[in-house]
Structure formats: structure tokens, C-alpha cells
**Q** 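Pasting a structure below so you can have a look.
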Amino acid sequence: MLSNDFSVIVWNQGTVFGLGTSTLEALENAISEYDYAVFVFTPDDKLYSRGTTTHVPRDNVIFELGMFIGKLGRLKAFAVHPVINEMALPSDLKGITTAIYDPNEDNLAAALGPAANCIRNAILKAD
């Protein structure tokens, strides 16, 4: 995976969002600490729009991607999502190439390997 080639920090409640800090403040601080960012979109929420219910990624993950694209540029902030038809992405992201993975693959390394390779190649090309 990416951790074989780069220093990877997976966000959890203790690494970015510390006690006593606001979420926005923590995100602003995080943007200045990282050179690249990968955001995983999963169909966690449901959106009812125009008479249809669809699965969508969490709003906060989309917002965080937008913040990082704004600061780092779109070539240094990546979105990864499962290749399923039931999940809708925001229309502004439809023109941007994203990394995909097969959510039905039991082997996590096999499922994420192609996406990780795409991200690795994009990082190496940017540097």
C-alpha cells in the first residue's frame, strides 16, 4: 500500500481532532502539515432529491476534500471511492478523475491495490 513508499497518517480522533479544538480549526492546522491527502468516499448517507433516494458520501469528507484541494491543489488531494452505481458524487467532482476500488473484493489489499497505485503514480509525477 502507500505506507510502503510514503509516511502515511490515518486520521482518527486522536491525530487531527484533539480535545478542546474545533473541527474547522483542526482541519486548517492539518492542511498546513500535509503535502498530500487522500479522502475515502463511502456510501454512508442517503440523499433524497428530485423524487429519488441515492447513497452519497458523508458531507464532512466532501468538505474536507474541498479544503485540501483549495490549499494543496487538485493534483495533491485525491478521492477514493467504491465502484458502485448506487453512490452519487457531487456534480462538481464528476469532471475530476478519482481512484476506485471494488467493495466486493474480500482481500482488502487486492481491492485497494489499484487505487493505491494510481495515487502513488500521481504523487511521484507531481514531485
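Quick note: residue numbers are just sequence positions, from 1. Being a predicted model, the structure only gives us computed values, none of them experimental.
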**Q** Can you name the one residue among Thr42, Asp44, Asp45 that meets side chain to side chain donor-acceptor pair (under 3.5 Å) with Arg58?
**A**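 Testing Arg58 for a side chain to side chain donor-acceptor pair (under 3.5 Å) against Thr42, Asp44, Asp45 leaves exactly one candidate, Asp45.
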**Q** When you group the ILVMFWY residues by side-chain heavy-atom contacts below 4.5 Å and let the links chain together, are Phe63 and Tyr34 in the same group?
**A** yes
**Q** Applying a strict under-4.5 Å side-chain criterion to I, L, V, M, F, W and Y, I'd like to know whether Phe6 and Val80 cluster together.
**A**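 In one cluster: yes.
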**Q** What's the spacing between Phe78 CZ and Ile123 CD1 if we round to 0.5 Å?
**A**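 Going from the CZ atom of Phe78 to the CD1 atom of Ile123 covers 5.0 Å.
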**Q** Of all heavy-atom pairs between Ala111 and Asp102, which one has the smallest distance, and what is that distance?
**A** CB-O, 3.5 Å
**Q** Would you check if Met67 and Leu24 make a side-chain contact, meaning some heavy-atom pair closer than 4.5 Å?
**A**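 Yes, at least one pair of side-chain atoms sits under 4.5 Å.
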**Q** First locate atom NZ of Lys71, then atom CD1 of Ile31, and finally report the distance between them rounded to the nearest 0.5 Å.
**A** 7.5 Å
**Q** Can you see which heavy atom on Leu72 is nearest to which on Ala37, and at what distance?
**A**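 For Leu72 versus Ala37, the nearest heavy atoms are CD1-N, 4.4 Å.
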**Q** Between Val16 and Ala30, which heavy-atom pair has the shortest distance, and what is it?
**A** CG1-CB, 4.1 Å
**Q** Under 6.0 Å from the CG atom of Asn29, do we count more than 12 heavy atoms belonging to anything else shown?
**A** yes
**Q** Which distance, rounded to the nearest 0.5 Å, do you find between the NZ of Lys94 and the CD1 of Ile96?
**A** 13.0 Å
**Q** Taking side chain as C-beta onward, heavy atoms only, is His81 less than 4.5 Å from Pro57?
**A**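 No, too far: nothing below the 4.5 Å cut-off.
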**Q** Does Val56 share a hydrophobic cluster with Val61, counting links as ILVMFWY side-chain heavy atoms below 4.5 Å and allowing steps through other members?
**A**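 No; tracing contacts between hydrophobic side chains, which count when under 4.5 Å, never links both residues.
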**Q** Out of curiosity, Leu2 CG to Ile119 CD1, how far, rounded to the nearest 0.5 Å?
**A** 5.5 Å
**Q** Pair Phe41, Ile62 - check side chain to side chain contact (heavy atoms under 4.5 Å, CB included), show working.
**A** CA-CA 8 Å; Phe41 290 177; Ile62 295 168; 4.1 Å; yes
**Q** From Glu64 CD over to Asp59 CG, what is the distance, rounded to the nearest 0.5 angstrom?
**A**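 So the gap between those two atoms works out to 10.5 Å.
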**Q** Can you measure from CG (Leu112) to CD1 (Ile100) and round to the nearest 0.5 angstrom?
**A** 11.5 Å
**Q** Indicate, with yes or no, if Met87 and Leu47 share a hydrophobic cluster defined by side-chain heavy-atom contacts under 4.5 Å among Ile, Leu, Val, Met, Phe, Trp and Tyr.
**A** no
**Q** Taking the six-membered ring for Trp and the full ring for Phe, Tyr or His, determine whether the centres of Phe68 and Phe39 are under 6.0 Å apart.
**A** yes
